[in-house]
Visitor: 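Sharing a structure here in C-alpha cells format.
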Amino acid sequence: MKKSPNMFPKSFFTLLIFFILSTAVYGGRVIVDQSSSDLVSDGVHGGGGRNSTSIGRERGIISLFAAPVEEACEQSYGFLPCTKTALGNVFLIIVYGYLMFSAATYLSSGSELLLEILGPGLIGGLFLPILGALPDAMLILVSGITGSAAEAQSQVSVGIGLLAGSTVMLLTVIWGTCCVVGKCDVENSTAVDLKDTKGFSLTGSGVTTDIWTSYAAMIMAISVLPFIVVQLPQLFHSNSGRHLAVLIALIISLSLLLSYCLYQVFQPWIQTRKLAYVKHKHVISGILKHLKKHALGRLFTDYGTPNIEVLKTLFNAIDENGDGHLSHSELRALVVGIRLEEINLEEDDAIAKVLKDFDTSCDDQIDMQEFIAGVEKWLYEARSSNGSSAQAGPNTIKYIDDFHEETRREHSLLGEDQSDEIVEGVENPRKVAIKAALLLLLGTIIAAVFADPLVDAVNNFSSATSIPSFFISFIALPLATNSSEAVSAIIFATRKKKRSASLTFSELYGAVTMNNLLCLSVFLAIVYTRGLIWNFSSEVLVILIVCILMGILGSIRTTFPLWTCLIAFALYPFSLVLVYVLDYVFGWS
C-alpha cells in the first residue's frame, strides 16, 4: 500500500493554513476596550463595565464564536487559540483533527519507505504496528497525564472514547466497506478474483481471505484479555481490588504486546516454512495420483500393504534407460504431469523434494528399493491424513484423490507465495532513508504537539454543549487518527483479489490488536500511576462485544458473503446506543 511521493510541501502548507485559520478564531474572541494600549483580550481577563458598548457592537455572526466575558479559557502552550463556545471548538477540533490526520499520514508513509529499505521482520513486525498506533496512544496519554488527578479523571473519558471508537470504527464501518468494495462472485464457497457479475447479492458476492488472516482475527480476539481482567473487581462488586486489577491488566497487556510483536517479526519465516511444507505435500499427492493413474493394478493389496509387483512395474516404466536407477531427467518426466503451476513450484524444486524423501543413500538417484520404500511412506502418509482405515483396498483411489484435494485447499488457504512477486530495488537507499526519518520525525512531532490541544478542544466542546466527551471522542477522533489507514485499506480492497483482501483485513485486525494492547497499556499506566478510578464498564463491554464477535467471525470463516457486512455495519450504532443506555438509563458510570 504505497503512498506519497513528496510529502514535505504538503506539511508546510498544512501548518501555514492552520496558523492563518487559528488567527481567525483567536480574533473571533471578545474585543474589550480597557485602554488604548490593551485592545485585544488575552483570553483570560474579562473587560470592565465601560466596554459594554464595544461588546454590543460585537453581536452578530462573530458572537457565535465569542465566549462570554466572565468565562476564561486556557491557551495551550500559552499561544495556541482557545474558546469556550461550541462553534469555536468545532472549528478547533477540525483543525487539530486534520493535523493529527496529517501526523498519521506522515508516520504511515515514513514507515513504508523504511520497510522498502530494510524489509519485513524487525521493521515490519515491531516498528510499523507501533508507529501506526502512535497518534492514538499520544492522545490517550495527554488525556490523563496533564492537570490534577480530578481533572485527569474527567479527561480520561476522551481517551477511552478514542480507544473504543477506533476499535469499533475499524471493525464495523471500515470492515464492512472493504467487504462491499472488494466483493467478487462466490463460487464453490470461494470468491473468484476479479469476477464481479452478481451485483449486491447477499450470498452470491463476497470476499475470500487466507488462513493467516484468520489467525490475525484469533489474535485480535485474544487481545481483549486485559479488558476482562481489569473489569473483574466491578464484576464481583469489589472496590478493594480495583487498583491491583489495573496493575495485573497492565502487566498482561504489556506481555501480550511483546508476544504479538515477536509473532509479527517471525511470522514471515513461519509463513515461508508452512508454505514449503504444503508444497511438499502437494508434490506427494500429485505424484501418487499420477502413479495411481498409470498403475496396472491397485497400489495396495487387500491386506492394506503396498502392492510390490505394481510398484516394480511402475519403477521399470519410469526407468527409461533400464539402468535400475531413476535420474533427474527420468524424475522430470514423472513430475511434469502433476500441475505444479497450481502452487507456483518449479520442476527442479519438485524433483529436489522427491529426492529428499526417496534418496536415502544420498547418491542423487533413486534405486528400486528406495522407490518402493518412498512410495510406501507416502501412501501411509496420505491414508493417515484422511483418516482412512488400515484396510485400504478398494478405497485407495478415493483417499489419494481426497489427499490431493486437501493439499490444494491448504495451499489456497495459506495464500499465494510471495516469492513470485517482482521486488523493485531502491535506487537511492540513503536518500530514501533520510526522507523516511524526516517523515517519521515530522509525524511524531505533530502528534505530540497537537494531541493536548485537541483533547482540550473536545473537553471544551463537551462543556459548551453538555454532550459527554466520550461520544465526541468516540465519533470524531477516530476519523482523524485512523482515516489514513482506513482509506488505504479501502483502496487496496478495490483490487478485488484474494491476496489484497487478505492484506486488507489483516491490517484491520492488526490495528485493532495494537489498540487493545499498546493503547490500552498507555491508558492503564495512566490510571495506575495517577491513582485514577477505573469506571468504564459500558465502554469495555462494547469493545468486548465487537472484538469477540468479529474475531470469531473472522477466525471460523475465510469467505465472507455480503450479508456479513450487514452485521458489521449494524454493530456501530448498536455500540453507541448500548453505551448510552447503560450509562444514562441504568447508571453504570
Side-chain angles (χ1 to χ4, degrees), residues 133 136-137 139-147 149-171 223-254 256 455 458-459 462 467-478 481 512 514-549 571-572 574-589:
D136 284 3
L139 281 169
I140 291 172
L141 179 65
V142 301
S143 71
I145 202 172
T146 57
E151 291 173 336
Q153 185 68 56
S154 174
Q155 290 181 350
V156 288
S157 59
V158 175
I160 194 67
L162 172 61
L163 181 58
S166 296
T167 295
V168 173
M169 186 186 77
L170 289 172
L171 290 180
S223 69
V224 301
L225 181 60
F227 285 104
I228 299 175
V229 172
V230 78
Q231 281 298 123
L232 289 178
Q234 279 107 318
L235 186 63
F236 294 105
H237 305 288
S238 172
N239 292 323
S240 59
R242 290 193 176 190
H243 202 55
L244 178 61
V246 171
L247 177 60
I248 295 174
L250 175 60
I251 295 173
I252 294 175
S253 182
L254 291 173
L256 290 176
V455 171
V458 170
N459 284 320
S462 174
I467 299 174
S469 57
F470 168 82
F471 292 102
I472 302 170
S473 56
F474 185 97
I475 298 172
L477 295 190
T481 58
V512 173
M514 291 304 293
N515 278 343
N516 293 344
L517 298 178
L518 176 61
C519 296
L520 178 62
S521 295
V522 173
F523 194 83
L524 290 171
I526 292 172
V527 172
Y528 182 78
T529 56
R530 303 214 61 185
L532 305 182
I533 299 173
W534 181 273
N535 190 24
F536 308 106
S537 299
S538 57
E539 294 87 345
V540 168
L541 181 60
V542 164
I543 294 173
L544 290 177
I545 290 175
V546 174
C547 285
I548 292 176
L549 183 59
L571 284 173
Y572 190 82
F574 168 79
S575 301
L576 283 171
V577 172
L578 181 62
V579 171
Y580 181 83
V581 170
L582 292 178
D583 281 349
Y584 297 98
V585 176
F586 293 98
W588 277 29
S589 64

Visitor: Any side-chain heavy atom of C547 within less than 4.5 Å of one from L171?
Guide: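 C547 vs L171: side chains touch.
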
Visitor: Tell me every residue that passes side chain to side chain donor-acceptor pair (under 3.5 Å) with S575, counting only those two or more places apart in sequence or in another chain.
Guide: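 Partners of S575 under the side chain to side chain donor-acceptor pair (under 3.5 Å) test: none.
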
Visitor: Would you say that L247 contacts I251 through its side chain, given a criterion of any heavy-atom pair below 4.5 Å between the two side chains?
Guide: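 Yes - at least one pair of side-chain heavy atoms lies under 4.5 Å apart.
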
Visitor: Could you list the residues that satisfy ring pair (Phe, Tyr, Trp, His ring centres under 6.0 Å) with F474, not counting sequence neighbours?
Guide: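 Ring pair (Phe, Tyr, Trp, His ring centres under 6.0 Å) check on F474 returns F470, Y572.
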
Visitor: Does any N or O in the side chain of E539 come within less than 3.5 Å of the main-chain N or O of V579, such that one atom is a donor and the other an acceptor?
Guide: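 Side chain of E539 to backbone of V579: no pair is present.
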
Visitor: Please table the atom pairs, donor to acceptor, closer than 3.5 Å between any side-chain atom in residues 230-237 and protein atoms at least two apart or in another chain.
Guide:
| unit_1 | atom_1 | unit_2 | atom_2 | d |
| --- | --- | --- | --- | --- |
| Q231 | OE1 | W534 | NE1 | 2.6 |
| Q231 | NE2 | S537 | OG | 3.1 |
| Q234 | NE2 | W534 | O | 2.6 |

Visitor: With rounding to the nearest 0.5 angstrom, report the CG to CD distance, N459 to E151.
Guide: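 So the CG of N459 and the CD of E151 are separated by 10.0 Å.
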
Visitor: Identify the heavy atoms of I526 and I140 that sit nearest to each other, and give their distance.
Guide: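 Closest heavy-atom pair between I526 and I140: CD1-O, 3.4 Å.
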
Visitor: Do the side chains of L578 and S538 get nearer than 4.5 Å, heavy atoms only?
Guide: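 Side chain of S538 against side chain of L578, heavy atoms only: no contact under 4.5 Å found.
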
Visitor: For a 4.5 angstrom cut-off between non-hydrogen side-chain atoms, does L541 reach L582?
Guide: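 With C-beta onward as the side chain, the pair touches.
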
Visitor: Compare all side-chain heavy atoms of I475 with those of L576 and state whether any distance is below 4.5 angstrom.
Guide: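 They are in contact (side-chain heavy atoms under 4.5 Å apart), so the answer is yes.
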
Visitor: Angle class for the F523/F536 ring planes (parallel below 30°, perpendicular above 60°, tilted otherwise)?
Guide: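 Correct class here is perpendicular.
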
Visitor: Within the structure provided, determine whether L256 and N516 are in side-chain contact (heavy-atom separation under 4.5 Å).
Guide: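 No; the side chains remain at least 4.5 Å from each other.
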
Visitor: Given side chains that start at C-beta, do those of V158 and L477 come closer than 4.5 Å, heavy atoms only?
Guide: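 Of all side-chain heavy-atom pairs linking L477 with V158, at least one is under 4.5 Å.
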
Visitor: Quick check on I533: does its CD1 atom have over 12 non-hydrogen neighbours (other residues, nucleotides or ligands) under 6.0 Å away?
Guide: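 Not buried by this count: 12 neighbours or fewer within 6.0 Å.
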
Visitor: Applying side-chain hydrogen bond (donor to acceptor under 3.5 Å, both in side chains), which residue pairs with at least one partner in residues 467-478 are found, sequence neighbours left out?
Guide: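 Those involving residues 467-478 are S157-S469.
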
Visitor: For a quick test of reading the model, state the closest non-hydrogen atom pair linking A152 to R530 and the distance between them.
Guide: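 Taking every non-hydrogen atom into account, CB-NH1, 3.5 Å.
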
Visitor: What's the spacing between L518 CG and S223 OG if we round to 0.5 Å?
Guide: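 Reported to 0.5 Å precision, the distance equals 12.0 Å.
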
Visitor: Is the closest side-chain heavy-atom distance between L163 and L520 below 4.5 Å?
Guide: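 SC-SC contact between L163 and L520 confirmed.
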
Visitor: Side chain of S462, backbone of V458: donor and acceptor closer than 3.5 Å?
Guide: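 Checking the backbone N and O of V458 against the side chain of S462, no donor-acceptor pair under 3.5 Å is found.
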
Visitor: For N515, give me all partners under side chain to side chain donor-acceptor pair (under 3.5 Å), at least two apart in sequence or on another chain.
Guide: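 Side chain to side chain donor-acceptor pair (under 3.5 Å) list for N515, sorted by chain: empty.
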
Visitor: List in chain and number order the residues that pass side chain to side chain contact (heavy atoms under 4.5 Å, CB included) with V581, two or more places apart in sequence or in another chain; answer none if no residue qualifies.
Guide: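 Per chain and number, V581 pairs via side chain to side chain contact (heavy atoms under 4.5 Å, CB included) with V577, V585, F586.
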
Visitor: Hey, what do you get for OG (S253) to CD1 (I248), rounding to the nearest 0.5 Å?
Guide: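 Going from the OG atom of S253 to the CD1 atom of I248 covers 13.5 Å.
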
Visitor: Taking all non-hydrogen atoms of both residues into account, name the closest pair between V527 and H243 and its distance.
Guide: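 Looks like O-CE1, 4.4 Å.
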
